[in-house]
Amino acid sequence: MTDKYAVIGNPIGHTKSPLIHATFARQTGQDIDYLAIEGEIGHFAENVETFRRDGGRGMNVTAPFKLEAFDYATDLSEQARLAGAANALKFEGGRIFAQNFDGVGLTRDIVSNLAFTMRGRRVLLLGAGGAARGAMLPFLNERPAKLVLVNRTVSKAQALFEQFKPYAEGDFSWCSYSELAEAAEPFDLVVNATSASLRGELPPVPVGVFASGGVAYELAYGKGLTPFLKRAQDAGAAQLADGVGMLVEQAAESFEWWRGVRPETATMIRTLTVPLR
Ligand code: NDP
């Protein structure tokens with residue numbers, strides 16, 4: 001029998017997940033159906049129950065339901081627990097297993113696809129929302145020499161720092177955007193995990209943070225040269241990337257978790273890539 005999976009979000013019209021998972025299924029010979037479900041705000045649990053009753057085996061979860069998915073789960077992975085949010089669910093009997101693959105997908109894209117070694121390098125992370133939180137443990141596991149967190153609301157950067165301090169081996173700190181500008185210090189990797197680009201805005205990131213020859217990574221995808229990537233380009237960053245690779249890699253992680261087989265990702269990333277111009 002064909003196994004059923006879905007992505008749930010609201011809105012959901014923009015989602016690439018059905019295309020990605022259908023391609024993975026063809027490529028690996030897996031017999032699955034994968035739907036897009038527009039979840040009703042305030043009715044996440046009922047929507048998921050309905051899908052489970054219809055034989056659903058697992059779900060990807062996107063905005064704004066990642067916190068509700070976390071609360072709905074019976075079994076949390078360490079990554080989901082630390083992120084305080086879930087982006088993938090697996091249903092087995094009465095149990096609901098939750099994972100958060102966003103940070104793992106992001107890190108895999110940077111380390112494997114972009115071939116950027118984080119170990120021993122200087123990394124700057126902008127933002128302290130859900131995506132930044134998910135990135136914390138996978139980033140720290142790569143053992144950068146230095147990791148600095150910056151957020152517009154500084155108390156959130158500080159809270160993230162306090163939560164993840166026990167996992168840091170290198171130099172780990174947080175600061176405000178104005179302190180970042182005063183420090184005038186370059187970073188080998190600058191990651192924009194703010195949602196500013198979704199509105200065409202630039203987080204107040206000083207030009208001096210981009211080391212020449214460094215990498216600038218924008219988590220938003222499909223938006224071309226965002227104000228953040230433009231600033232990085234103007235400042236001399238050697239490599240620019242958006243979050244399309246992260247999207248495909250986190251999908252591959254869920255696919256493997258559900259089906260026990262790892263799909264190839266490079267072709268899908270190429271298919272979905274929008275030129276950065
Ligand atoms: P959240 O809403 O949880 O967090 C948003 C963050 O952006 C906050 O830290 C907020 O700061 C900051 N921010 C928003 N606007 C500005 C601004 N103008 N200047 C400076 N900081 C700003 O969002 P998420 O963490 O869920 O998403 C962040 C980004 O990651 C989005 O672009 C999203 O599309 C992308 N994403 C990509 C994925 C992928 O697969 N490629 C997966 C998940 C997310 P403050 O705390 O001060 O409000």
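Numbering of ligands and ligand atoms starts at 1, following listing order.
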Pairing residues for Tyr34 by the ring-ring contact (aromatic ring centres under 6.0 Å, His included) criterion, not counting sequence neighbours:
His21
At less than 4.0 angstrom from any non-hydrogen atom of Leu198, what atoms of ligand 1 do you find?
31 (C), 32 (O), 34 (O)
Would you check whether Glu201 has a nitrogen or oxygen atom less than 3.5 angstrom from a nitrogen or oxygen atom of ligand 1?
yes
For atom 29 (C) of ligand 1, which of the options Asn151, Thr194, Leu160 provides the nearest non-hydrogen atom?
Thr194
If you take the centroid of each ring, where Trp contributes its six-membered ring, are Trp257 and Phe97 closer together than 6.0 Å?
no
Heavy atoms only: give me the nearest Leu76-Ala80 pair and the separation to one decimal.
CD2-CB, 4.4 Å
Pick, from Thr62, Thr153, Leu67, the option with the minimum heavy-atom distance to atom 47 (O) of ligand 1.
Thr153
Who's the nearest protein heavy-atom neighbour of atom 3 (O) of ligand 1, and how far?
Gly130 N, 3.0 Å
Not counting sequence neighbours, list each pair that qualifies as a ring-ring contact (aromatic ring centres under 6.0 Å, His included) and has a residue in residues 227-252.
Phe210-Phe228
Given Pro204, Ala131, Gly243, which one has a non-hydrogen atom that is nearest to atom 24 (P) of ligand 1?
Ala131
The atoms of ligand 1 lying under 4.0 Å from a heavy atom of Gly127, numbered in the order shown, are 9 (O)
Can you give me the closest heavy-atom contact between Leu276 and Gly224, atom names plus distance?
CD2-O, 3.5 Å
Just going by heavy-atom distances, which of Val154, Leu219, Leu149 is nearest to atom 36 (N) of ligand 1?
Leu219
among protein heavy atoms, the one nearest atom 5 (C) of ligand 1 is Ser195 OG, 3.5 Å
Could you pull out the closest heavy-atom pair between Gly55 and Lys4, with the gap in Å?
O-CB, 4.2 Å
Approximate separation, where rounding is to 0.5 Å, of Arg277 CZ and Leu229 CG:
14.0 Å
Answer with yes or no whether Glu218 contacts ligand 1, where contact means a heavy atom under 4.0 Å from a ligand atom.
no
Test applied, side-chain contact (heavy atoms from CB on, under 4.5 Å); reference residue, Met59; option that passes from Val48, Asn87, Val7, Ile96:
Val48
Ligand 1 atoms nearer than 4.0 angstrom to some heavy atom of Lys156 are 45 (P), 46 (O), 48 (O)
Just to confirm my output: which protein heavy-atom neighbour is closest to atom 39 (C) of ligand 1, and how far is it?
Met246 SD, 3.6 Å
Residue, atom and distance of the protein heavy atom nearest atom 43 (C) of ligand 1 read Lys66 NZ, 3.9 Å
Does Ala128 have a non-hydrogen atom less than 4.0 Å from ligand 1?
yes
Can you tell me which residue and heavy atom of the protein come closest to atom 17 (C) of ligand 1, and the distance to 0.1 Å?
Arg152 NH1, 3.4 Å
Is it the case that over 12 heavy atoms from other parts of the model lie below 6.0 angstrom from the CZ atom of Arg199?
yes
